[in-house]
Amino acid sequence: MRDIQLFLKTFQKEMDWEISNENYKESKSSILNNYMLLTTEVSEVAEEFRSIFNKTIKLVKEEGYSENEAFKTAKEMHKDNIGKEISDCIAYLVKFANYLDIDLEDSFYSKMEEVRTRVNKDQ
Ligand SMILES: [Mg+2]
């Protein structure tokens, strides 16, 4: 996780894609713009899943695959693309973490421990 944060810090600087730190208004605008871009990437993950489901149906109807075999094949066909979209999401999330100087590795494991020990109100 720390390697990814460090890589993206340099990468985003090279590309001039950092969140602005000029002043409140510039930073707010930059944060909102990046948040909008993140939500676009999240929807691209959903689009890939939709393509997987559509391809599954097509393989069943047109190629005679069983449903499970079609689903397995469709997932394999979209694996690279969905990996790229998930990576886009990670890049924006890490950008926010870097902007706020958050150590995501610490934050991640701390949060997962919180989730593990939390009492689920639905039970
Ligand atoms: Mg994308």
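All figures in this text were calculated on a predicted structure; none of them were measured in a lab. In each ligand, atom 1 is the first atom listed, and ligand 1 is the first ligand listed.
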**Complete:** Closest to the Mg ion (ligand 1), among the N/O/S atoms of E85, is atom OE1
**Message:** Apply the hydrophobic cluster definition, ILVMFWY joined by side-chain contacts under 4.5 Å directly or through others, and give me every member besides V60.
**Reply:** none
**Prompt:** Is there side-chain contact between E41 and I90, with heavy atoms separated by less than 4.5 Å?
**Reply:** no
**Request:** Give a yes or no on whether a salt bridge exists between R50 and E47, defined as a side-chain N under 4.0 angstrom from a carboxylate O.
**Result:** no
**Request:** Please name all residues satisfying ring-ring contact (aromatic ring centres under 6.0 Å, His included) with F96, sequence neighbours left out, ordered by chain then number.
**Result:** none
**Atom name in D88, limited to N/O/S, at shortest distance from the Mg ion (ligand 1)** = OD2
**Asked** Please state the angle at the Mg ion (ligand 1) spanned by OE1 of E44 and OE1 of E41: what is it, rounded to 10 degrees?
**Response** 80°
